[in-house]
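Treat the numbers as computed from the prediction; the structure is a model and nothing was measured.
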Amino acid sequence: MKRFISNIILLISICLVVFSCAKMGTLSGGLKDTKPPVIVKCKPENGSTNFDEESFTLYFDEYIKLNKINEKLLISPPIEEQPEVILKGKKVEVKIDLTQLQANTTYNFNFSDAIADNNENNPISGFVYAFSTGHVIDSLSVKGKILDAHLFTPIEGAYVSLYKNETDSLFKTVRPDYLGRTDKNGMFEIPYIADNAYSIYALKDENYNYVFDQATEAIAFLNYRIKPRIIFDTVTNGDSIKINRRTIPDSLELLMFTEDHLPQYITKTERKTPHFCQVVFSRPHVSKPIIIIEREINKNIKFSQDYDTVSIWFANDSLYLRDSIEMIFRYVEPLYPDTIRTDTIFAILDANSKIKPGLELIKPKEKEITKPYTIRLNHPVLKIDKQLLTITYAHDTTEIELKANINVSKDSLSIFIDSDFLLGEKYDIKIREGFITDIFNFKNLSDSVYVYIKSEDDYGHLKLYIPEFMNKKAYVELLQKDKVIYIEKLESSYADFTYIKPETYKIRLVRDLNNNMKWDPGKFSSKLQAEPVFYHPDEIEIRNNWQHELTWTIH
């Protein structure tokens with residue numbers, strides 16, 4: 001009997017444990033749900049005419065969620081106030097103020113990817129609900145892509161506008177008649193538009209009002225009007241003939257740029273050590289600014305090549321011991337050359353600042369064939385003692401000492417060394433203590449470096465022929481990760497690159513309309529497009545000791 005009771009108790013215990021485990025976890029396994037919600041019905045129906053309802057409702061086959069609906073919902077033609085969107089389980093209701101709608105007009109509500117299932121967040125991509133306040137649903141469309149005018153990369157999130165009126169100033173003051181938006185690939189489509197001719201523009205809208213009213217907003221436009229229409233393509237496949245209906249234009253390309261309206265101002269002031277401060281401007285200066293530090297003109301100031309960055313060293317103890325140093329900048333405003341601006345800033349010492357390091361020398365182990373051997377420094381040079389540097393060449397068993405030509409760079413941060421070097425040979429450059437004295441009176445320690453002098457065999461050469469540009473102003477760039485590595489002006493359809501490091505490059509040609517050897521953006525008020533840019537379809541691999549010749553046909 002006792003054994004029977006014990007078995008009953010054991011059985012009950014096992015059941016309780018199993019039940020407890022079942023409550024704590026959920027069954028797993030099986031394929032993950034990757035399907036978006038399915039629209040069961042729309043009320044009123046999608047594509048309704050004579051629309052006079054104060055809302056429309058979308059019904060789905062499962063519970064859904066809304067992701068950034070106010071940001072992603074795009075209405076065309078645009079209306080003044082964003083409608084109220086209400087989520088109710090498996091349906092979405094959109095309330096509309098009928099007073100905002102125009103008569104005899106087709107409206108479309110593009111939800112992008114804002115609607116997704118509630119569990120796995122699988123979005124419905126590009127769902128559009130449309131209705132007409134008149135008797136007819138307009139059915140024409142416009143498609144295309146927006147690219148960066150200089151880099152040819154796709155622009156995501158740009159608004160594309162259509163205007164029936166030919167007046168360009170409307171783009172700066174009035175909302176468009178129709179509106180679209182680019183996806184991550186720069187592609188756009190504006191559906192449900194009426195049979196008219198249109199001016200087309202694109203905008204990276206910084207204040208979300210659909211008009212070009214900010215100087216820093218990127219824009220694109222075509223210099224001609226477009227007229228959407230339906231065409232029929234005949235496709236023959238053996239004995240069968242198929243007729244396809246499509247609306248054109250369906251492959252427009254607009255090139256986006258930001259006009260050169262950026263004012264000059266200080267974007268960053270950084271003082272990470274007591275002795276050094278760097279000031280960065282929004283754009284290059286047309287001339288060196290005047291800098292007054294604590295009522296004195298400081299001499300230890302170095303400018304970047306285009307004068308957009310200023311490096312300042314404080315060698316005076318009375319300055320660098322301060323937590324805050326007052327600096328006054330006077331400079332010409334590039335957009336208004338007759339205007340002199342004055343800015344007062346304070347170089348505030350970073351809380352995590354470090355004491356200045358000693359003098360550091362960066363000594364490469366190779367010398368490029370077209371440049372002097374260059375030693376770079378972390379502080380500006382105060383003086384050098386040329387007698388404390390020697391160059392020797394070990395020929396057989398004899399060491400030959402060469403005469404060194406030594407110069408200091410304009411910014412005092414580099415030492416240029418040249419001599420009668422033989423190509424393809426190694427030289428021993430000895431630097432004795434005290435060769436360099438910096439502005440803090442730090443001196444270098446004794447050191448030496450073996451330097452290989454590159455020869456012509458270490459480089460490749462590229463001769464590029466572009467026949468279509470015989471009498472046109474242009475230049476060619478060799479790029480790596482969109483950074484310009486080499487640049488050559490096009491002369492009589494040829495660009496000749498010599499002494500190129502053997503690596504892989506992209507090739508870009510810029511139509512230099514004003515012959516200033518830099519790419520210039522367009523200007524909307526003059527309907528001036530950005531300077532044309534062309535990219536070679538293939539990258540080119542430059543090999544050492546090779547003479548590469550390439551003909552590039554540009555249509």
Side-chain angles (χ1 to χ4, degrees), residues 74 76-78 108 110 112 126 140-194 196-229 231 246-261 482 508-511 513 519-535 537 554-555:
L74 186 67
S76 177
N108 75 82
N110 189 331
S112 185
L140 295 176
S141 65
V142 172
K143 296 180 184 179
K145 61 182 175 181
I146 310 294
L147 299 175
D148 183 285
H150 192 208
L151 302 176
F152 269 32
T153 51
I155 303 293
E156 182 180 4
Y159 290 106
V160 186
S161 305
L162 297 181
Y163 286 84
K164 297 175 186 176
N165 196 304
E166 295 186 50
T167 307
D168 287 325
S169 61
L170 294 180
F171 180 45
K172 305 183 77 171
T173 57
V174 178
R175 289 187 169 202
D177 294 308
Y178 294 99
L179 192 65
R181 183 169 51 204
T182 57
D183 62 17
K184 64 181 180 181
N185 299 312
M187 306 300 294
F188 70 88
E189 178 179 7
I190 307 177
Y192 300 105
I193 62 177
N196 280 296
Y198 297 95
S199 298
I200 184 168
Y201 311 92
L203 172 71
K204 279 293 278 186
D205 195 6
E206 294 181 356
N207 53 356
Y208 299 101
N209 63 352
Y210 306 136
V211 296
F212 174 41
D213 60 354
Q214 302 285 327
T216 55
E217 290 177 328
I219 59 170
F221 56 88
L222 294 181
N223 289 342
Y224 57 88
R225 304 261 287 172
I226 61 172
K227 181 74 166 62
R229 60 191 177 90
I231 65 170
R246 63 187 178 97
T247 302
I248 58 171
D250 57 3
S251 57
L252 293 173
E253 183 177 276
L254 283 77
L255 302 178
M256 181 165 275
F257 60 87
T258 303
E259 292 185 321
D260 189 14
H261 287 321
D482 294 325
R508 178 170 66 196
L509 179 139
V510 178
R511 180 81 166 87
L513 299 174
W519 178 81
D520 292 297
K523 189 174 182 180
F524 178 69
S525 61
S526 305
K527 292 304 289 282
L528 180 67
Q529 297 284 354
E531 288 184 325
V533 172
F534 305 88
Y535 283 82
I554 298 177
H555 298 289

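A donor-acceptor contact shorter than 3.5 Å is absent between the side chain of Thr258 and the backbone of Glu217. The backbone N or O of Asp183 sits nowhere less than 3.5 Å from a side-chain atom of Glu156 that would complete a donor-acceptor pair. Listed for the Asn185 side chain is no donor-acceptor partner under 3.5 Å among the backbone atoms of Met187. The closest donor-acceptor contact from the side chain of Glu253 to the backbone of Lys145 lies at 3.5 Å or more, if one exists at all.
Using a 4.5 Å heavy-atom cutoff, the side chains of Phe171 and Phe221 are not in contact. The shortest side-chain heavy-atom distance between Ile190 and Leu179 does not fall under the 4.5 Å cut-off. Taking 4.5 Å as the limit, every side-chain heavy atom of Leu509 sits out of range of all side-chain heavy atoms of Val533. When side chains are defined from C-beta on, Arg181 counts as touching Leu74, because their heavy atoms get closer than 4.5 Å. Within the 4.5 Å cutoff, no side-chain heavy atoms of Val510 are placed close to those of Phe534. Counting heavy atoms from C-beta on, the side chains of Ser76 and Asn108 come closer than 4.5 Å. Contact annotation: the side chain of Leu254 never approaches that of Ile155 to less than 4.5 Å [non-hydrogen atoms, C-beta and beyond]. Counting heavy atoms from C-beta outward, Val211 and Val174 have side chains that stay 4.5 Å or more apart.
The aromatic rings of Trp519 and His150 sit parallel, their planes meeting at an angle under 30°, below the 60° perpendicular limit. The aromatic rings of Phe152 and Tyr535 sit tilted, their planes meeting at an angle between 30° and 60°.
Residues Arg225 and Lys164 approach most closely at NH2-O, 2.6 Å, considering heavy atoms.
A donor-acceptor contact closer than 3.5 angstrom links the side chains of Thr216 and Glu206.
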Please determine whether side chain to side chain contact (heavy atoms under 4.5 Å, CB included) holds for the pair Asn223 and Gln529, giving the CA-CA distance in whole Å, both sets of side-chain angles, and the decisive distance to 0.1 Å. CA-CA 8 Å; Asn223 289 342; Gln529 297 284 354; 3.5 Å; yes
For Tyr159 and Lys204, what are the C-alpha separation, side-chain angles and deciding distance, and is it a side chain to side chain contact (heavy atoms under 4.5 Å, CB included)? CA-CA 6 Å; Tyr159 290 106; Lys204 279 293 278 186; over 6 Å; no
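Test Tyr210, Tyr201, Tyr178, Tyr198 against Tyr163 for ring-ring contact (aromatic ring centres under 6.0 Å, His included) and you get one pass: Tyr201.
With respect to Glu259 and Lys523, no salt bridge is recorded, no charged nitrogen being found less than 4.0 Å from a carboxylate O.
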